[in-house]
S.K.: 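Okay, handing you the structure first.
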Amino acid sequence: MDFTFSDEQRMVADTVRALLADRCTGADLRRLMGEGARDPGRWQALSDMGLPGLMLPEALGGLGLSEVDLVLVAEACGYAALPEPLVEHAGVAAPLLAAFAEDARAAAWLDRVAAGAATVALGHAANPFVADPDTAGVLLIAREDGLHLIEAASAGLTRIASVDPFRRLFEVEAELSPDTRLADAQTVAPHLALALDRGALFAAAQGLGLAQRAVDMAADYARARMQFGKPIGANQAVKHHLATCQTRIEFARPVVYAAAAQIGQQDLFSRARISHAKLAALGAADLAARAAIQVHGAMGYSWEVDAHFYLKRALALTGTWGDEAFHRARVAERVFGAPLDPDRTFASAAA
Amino acid sequence: MHLDYTPEQRAFRAEARAWLEANVPKARLPSFDTAEGFEAHRAWEGRLHAGRWSAVTWPEAYGGRGLDLIRWLIFEEEYWRCGAPGRVNQNGVFLLAPTLMEYGSPEQKARFLPKMASGEEIWAQAWSEPQAGSDLAAVRATATREGDDYVLRGHKIWSSRAVFADWAFGLFRTDPASERHKGLSLILFPLKAPGVRIRPIPQIDGEAGFAEIFLEEARTPVANRVGAEGEGWAVCMATAGFERGLMLRSPARFQATAARLAALAARGRPDATQQAAVLQAVMDAEAYALSIYATASRLMAGGRIGAEASCNKLFWSELDVALHRAALSIQGARAELADTGDGWLDGYLFSLAGPIYAGANEIQRNIVAERVLGLPKG
């Protein structure tokens, strides 16, 4: 039993956090809103660290690391509300592509995918639209007959507006045929199930970061903003809002980390843990973003204050990779489907 | 990070389970806030001690097993899983003992810890006073040196277990001219002694779980002061830190309640709102367990409990209310029945004390805001 991260895992996350504190500021986000919402220079810097291929095997040009290694990075990306699709690429889509590395059509992309030179966008049944196909090199599209691979440039894309100004959602029209099919439905089913779990896990990790960012910015403001001759943060009403949010974060965080460690089980218990993580972390993010807006008062309702970026990202991620009803149903399956004794906190079907 | 038990940890669990299953009383003991129940629970403490299970994290020299925190969690899981009685000496074993280990003299440890472990001496706490509740630094009770004794004068209140307990620990002003946090000392004193008058206070459930302690020139040896004279505030805050932090409310207790709640829901016909409340409470009980496992892991790797421990107390106290309230909702018209023996109503009433004792949750939220988030004092 070791519920701690290694020094190396923490160091990688610290490096990403520092890089994004420098290159993904509120001012950067605002500048990008008029420029397609993506910063190629920042993507290159993240790619130089090997992050796009973090979970790919070393033999395929990746770093050969796991969900536990990526989860802190995803949290850091959430903290910065990073617009580029690093988390979904590195944590979900690229590993799915790599699962079919023996197929020449997939293998042809893997070098560039691991290096971040080409991104993978994924059309998954859990999500009504596809995120970031416009900047992707390759599209994976799940249909009833299996998983298809096409070059992104060959797809017809229709932009669907999201409330999050940095989300790039599209409806994808593509000519799919037996020639584009990478695997049949039966073969791909466990891979798509794992992709859903990874999507939910890393959305949760981003939720932790979003929540902490919202609390931190609200606390900064509460220390500085003077009313009635004192900082508003001296008032218990303000303190208690933020303490409640921080408590929600503290008790979402270990659930997310445990979910990352247990995702490989792919059983009733790991699925419920991932669902719990997503509900808890994005619930905390939603609460914290709303508290940040409230603590900022009228400023908080203005476009000028960044709180709405976190609110909108949290809203988007809450419904992506399984909505709240979906995840609560998975928790219910575990709660009512297997004994809940205290000795089963880390239960697995294999045990 | 790997979240699995070692073979040794599994073997330890099996050993604890076997002993508990063979020794836990089959019938529920009467409440330890009655004279009969108190002695029944004292006897249970003695039985635990005979098996060396009463204070598992203590050093072996004092009757413990020197267990690390993960094994403590495993023991607690087995303890609550099999429905073992509540710990009548928790104020001693989980609150005072860690402070004695850190601040006590070798003589104090030898004098007090073994009898605490065996249940021969049951401990009450004596912190609050009528004018010093959340504002603990307002205590007025004094301890005046006379020869080798302190003479205690003052009025303590809300002292849990004090009606039947043998000893108490409390904060006293050893420097009569001092104010606030200065000039205070942590002093251990006998409750069954001249000059000590106990007035039971019936709780919300009608039982005398706490009491007022009137100290009218009661005496206790100076040797029963823990830590240096005038340093009581720092010593007491260490005690409060343990209480909020880890030992007082092990997660297994809430997980056992959560398991009973899920079983209750599965037997009944909860509507969507009730089901959502059950799921949230079960998830929160798990989240609390995961958090404590993570903290235990961190501490074992050399880290320390920080101000975020204040979040723990907020979380478990509100969780405990939610667990019991969800059960009563499912019970519907039967929720008000006093003698069902299922524990939900008693547990609910007891849970309402959680957001108040060990530092009211309003104070805890201030602490989180000020020490974790850096907001200014009000």
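Hydrogens, waters and symmetry mates play no part in the numbers below; they use all other heavy atoms, side chains included. In what follows, chains carry the letters A, B, and so on, assigned in the order in which the sequence lines appear, proteins first and then strands, with residues in each chain numbered from 1.
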S.K.: Identify which of E362(B), Q9(B), R253(B) forms the greatest number of heavy-atom pairs closer than 4.5 Å to chain A.
M.R.: E362(B)
S.K.: So, taking the atom named CZ in F5(A) and the one named OG in S297(B), what distance separates them when rounded to the nearest 0.5 Å?
M.R.: 11.0 Å
S.K.: Check whether R17(B) gets within reach of chain A through its side chain, its backbone, both or neither, counting any heavy atom under 4.5 Å.
M.R.: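 Side chain only.
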S.K.: Quick one: CG on D216(A) to CG on L373(B), what's the gap to the nearest 0.5 Å?
M.R.: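 Those atoms lie 7.5 Å apart.
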S.K.: Where on D4(B) is there a heavy atom nearer than 4.5 Å to chain A: the side chain, the backbone, both, or neither?
M.R.: backbone
S.K.: Between A287(B), A259(B), A369(B), A289(B), who has the most heavy-atom pairs with chain A when the cutoff is under 4.5 Å?
M.R.: A287(B)
S.K.: Within the side chain of K239(A), is there an N or O that forms a donor-acceptor pair under 3.5 Å with the backbone of V368(B)?
M.R.: no
S.K.: Which atoms of E78(B) are under 4.5 Å from chain A, going by heavy atoms: the side chain, the backbone, both sets, or neither?
M.R.: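 Looking at E78(B), just its side chain touches chain A.
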S.K.: Quick one: CZ on R81(B) to CG on L340(A), what's the gap to the nearest 0.5 Å?
M.R.: 13.0 Å
S.K.: Quick check: under 4.5 Å, non-hydrogen atoms only, which of residues 222-237 of chain A neighbour chain B?
M.R.: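 The residues closer than 4.5 Å to chain B, in numerical order, are A222(A), R223(A), P231(A), G233(A), A234(A), Q236(A).
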S.K.: Checking an interface table here. Which of residues 327-338 of chain A come within a heavy-atom distance under 4.5 Å of chain B?
M.R.: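 Answer by number: R328(A), V331(A), A332(A), R334(A), V335(A), F336(A).
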S.K.: With heavy-atom distances below 4.5 Å as the criterion, would you say the side chains of M1(A) and L73(B) are in contact?
M.R.: no
S.K.: I need the residue from A276(B), A294(B), A256(B) with the largest number of non-hydrogen atom pairs under 4.5 Å to chain A.
M.R.: A294(B)
S.K.: Atom OG1 in T4(A), atom NE2 in H2(B): separation rounded to 0.5 Å?
M.R.: 8.5 Å
S.K.: Using heavy-atom distances under 4.5 Å, tell me whether R260(B) contacts chain A through its side chain, its backbone, both, or neither.
M.R.: neither
S.K.: Could you measure the distance from the NE2 atom of H241(A) to the CZ atom of R365(B)? Nearest 0.5 Å is fine.
M.R.: 11.0 Å
S.K.: Relative to chain A, which of E370(B), M283(B), Q255(B), R298(B) shows the most heavy atom pairs under 4.5 Å?
M.R.: M283(B)
S.K.: Anything in residues 246-256 of chain A with a heavy-atom distance to chain B below 4.5 Å? Please list those residues in order.
M.R.: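 Residues in range: Q246(A), T247(A), E250(A), F251(A), P254(A), V255(A).
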S.K.: Would you mind checking which part of I70(B) comes under 4.5 Å of any heavy atom in chain A, side chain (CB onward), backbone (N, CA, C, O), both or neither?
M.R.: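 It is the side chain, since no backbone atom gets that close.
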S.K.: With a 4.5 angstrom heavy-atom cut-off, which part of Q275(B) approaches chain A: side chain, backbone, both or neither?
M.R.: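 Side chain only.
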S.K.: Count the heavy atoms belonging to other residues, nucleotides or ligands that lie under 6.0 Å from CZ of R28(B), then report whether that count exceeds 12.
M.R.: no
S.K.: Can you give me the closest heavy-atom contact between A219(A) and L375(B), atom names plus distance?
M.R.: O-CD2, 3.6 Å
S.K.: Are L290(B) and Y257(A) packed together at the side-chain level, in the sense that at least one heavy-atom pair is separated by less than 4.5 angstrom?
M.R.: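 L290(B) vs Y257(A): side chains apart.
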S.K.: Using a heavy-atom cutoff of under 4.5 Å, enumerate the residues of residues 264-296 of chain A that contact chain B, numbered in order, or state 'none'.
M.R.: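 Answer by number: R273(A), H276(A), L279(A).
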S.K.: Between A258(B) and chain A, with a heavy-atom cut-off of 4.5 Å, which part of the residue counts as in contact: side chain, backbone, both or neither?
M.R.: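 Backbone only.
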S.K.: Measure the spacing between OH of Y288(B) and OG1 of T345(A) and express it to the nearest 0.5 Å.
M.R.: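 These two atoms lie 13.0 Å from each other.
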